[in-house]
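Since the structure comes first, as structure tokens, the remarks are kept for the end.
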Protein chains: 2
Amino acid sequence: MPHHAVLTTVSNQPGILFGLTKVLADRRANITYVDIIHHPDRDAEIYLEFSVDADADLVVAELGEVPGVARVEATPSFGKIYGKRIIIMGGGAQVGQVALGAITEADRHNIRGERISIDTIPLVGEEALASAVRAVVRLPRVQLLVLAGSLMGGDIAKAVAEVRRKGLIVISLNMAGSVPDEADLVVSDPVQAGVMAVMAVADTARFDIVRQQNKRY
Amino acid sequence: MPHHAVLTTVSNQPGILFGLTKVLADRRANITYVDIIHHPDRDAEIYLEFSVDADADLVVAELGEVPGVARVEATPSFGKIYGKRIIIMGGGAQVGQVALGAITEADRHNIRGERISIDTIPLVGEEALASAVRAVVRLPRVQLLVLAGSLMGGDIAKAVAEVRRKGLIVISLNMAGSVPDEADLVVSDPVQAGVMAVMAVADTARFDIVRQQNKRY
């Protein structure tokens, strides 16, 4: 089915998303992405990506007739603009170095047509990190997580095991604690860890993370 | 109204989001965030954040009764876990240096209770960058954009003017082209640009971007 993306400007009242999704459900559209964008000083916007067999212009017109919807416009999809995401989390010193490697390598692949974003969050504490690891699988377009620190274990290691079972690839820096034992791949040099993370998700690279399982560099 | 976050496991068929939003509309809930998470090898998940006056347990039970919904669980919200976002885009060399400054500074604020994420996309080309700039205002939780490169102008400058009118703060590196003329603030050193970006959005910092309007460092 053809894929579409639309941005709607809506009044900030309950029931609007219900109205929009009703139109799409009636047209047997498959909604693949939704974002609600709040603005402090003006009307909220709802961004939708969906695939549908019905005529897109017709669906857009129907969305525009939903009560509370002021405007609907077709727009390019996020997948095309921001592409795959790699998340790096942990201590600021190491996250920065992993990001440096990953950003430089992503630049090389994005020039050849890839779209890879490198997202980071510097964060300390077992509980905060474990929650952030578990939440990664709920973020859109994330393919790989790098844990960058000097000591991570306990509940963070449990969280790593959980997200790996859900299909996420996890690279860990070589560090103290039990997190490296749970990762797909362990790397000592943070810059190289960032480069390998990008190579693992880039279609323009030849690097098979499955062949690297449990290896340490 | 109390704020809640739930993660639902759903079958991959049209109409599920319609069913979930119907429950929330009937309960006069205000939906603040939605994510649809697709998995290659198992059922999709829909993550919802909403505020509602009605009893949350009752609403969760009703969400679980929607046809196609296998499971509903309460979960911590993204806002609490990943917080505010700063986006850095442009050439890999500069994006890496800005990220280094921003990540190190975010680390210092996150230790004091802030939650600031630093997201980057290395990207070249006027058209690709202009599209990415325009799309930033559609991403959730983004407060500030840093443009990091050596030459940016034309449609990118137009896109910067557009997103600033929509309330986004934009910092530009000092560079060739017309983008610096459109930014809130121009900084020559990329590491300092990253640090200032974090200071501008951190509640734990005293840095007023309004007082820095059109300044150049």
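Quick note on labels: first sequence line is chain A, next is B, and so on, each numbered from 1. Side chains included, hydrogens not; waters and symmetry mates left out as well; all remaining heavy atoms used.
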Euclidean distance, L123(B) CG relative to S117(A) OG, rounded to 0.5 Å: 8.5 Å

Say you draw a straight line from CD1 of I103(A) to CD of Q97(B); how long is it, rounded to the nearest 0.5 Å? 9.5 Å

One option among D26(B), I88(B), T21(B), I116(B) has the most heavy-atom pairs under 4.5 Å with chain A, and it is T21(B)

By a 4.5 Å heavy-atom criterion (distance strictly below it), what part of R115(B) contacts chain A: side chain, backbone, both, or neither? side chain

Under a 4.5 Å heavy-atom cut-off, does chain B meet the side chain of R108(A), its backbone, both or neither? neither

Look at the side chain of Y82(A) and the backbone N and O of I121(B), then say whether any donor-acceptor pair between them is shorter than 3.5 Å. no

Is V95(B) close to chain A through its backbone or its side chain, or both, or neither, when contacts mean heavy atoms under 4.5 Å? both

Using non-hydrogen atoms and a 4.5 Å limit, figure out which bit of A99(A) sits close to chain B: side chain, backbone, both or neither. side chain

Out of G167(B), G83(B), A135(B), return the one with the most heavy atom pairs under 4.5 angstrom to chain A. A135(B)

To the nearest 0.5 Å, atom CG of D35(B) lies from atom CZ of R138(A) at 9.0 Å

With a 3.5 Å distance limit and no angle check, can you tell me whether T120(A) reaches the backbone of I118(B) through a side-chain donor-acceptor pair? yes

I'd like to know if the side chain of N110(A) reaches the main chain of P122(B), judged simply by a donor and an acceptor atom lying under 3.5 Å from each other, with no hydrogens or angles considered. yes

Euclidean distance, I31(B) CD1 relative to L17(A) CG, rounded to 0.5 Å: 4.5 Å

Highest number of heavy-atom pairs under 4.5 Å with chain B: which of A25(A), G15(A), A102(A), G92(A)? G92(A)

If one checks every heavy atom of A44(B) against chain A at 4.5 Å, the contacting part turns out to be neither

Cut-off 4.5 Å, heavy atoms of chain A, and the answer for Y47(B) is side chain

Max heavy-atom pair count under 4.5 Å with chain A, selected residue of L100(B), I111(B), I87(B), I36(B): I36(B)

Please state whether the side chain, the backbone, both or neither of V137(A) comes within less than 4.5 Å of a heavy atom of chain B. backbone

Contacting moiety of R85(B), where chain A heavy atoms sit under 4.5 Å: side chain

Segment of L139(A) engaging chain B (4.5 angstrom heavy-atom cut-off): both

Euclidean distance, I37(A) CD1 relative to Y33(B) OH, rounded to 0.5 Å: 10.5 Å

Count the heavy atoms of every other residue, nucleotide or ligand shown that sit under 6.0 Å from NZ of K84(A), and state whether that count exceeds 12. yes

Quick one: what part of V136(A) sits under 4.5 Å from any heavy atom of chain B, side chain, backbone, both or neither? both

Side chain, backbone, both or neither: which part of T32(B) has a non-hydrogen atom closer than 4.5 Å to chain A? both

So which of T104(B), L24(B), N30(B), T75(B) has the largest heavy-atom pair count under 4.5 angstrom toward chain A? T75(B)

Should we say atom CD of E127(B) is surrounded by more than 12 heavy atoms from elsewhere, each under 6.0 Å from it? no

Proximal component of V34(A), with respect to chain B [non-hydrogen, under 4.5 Å]: both

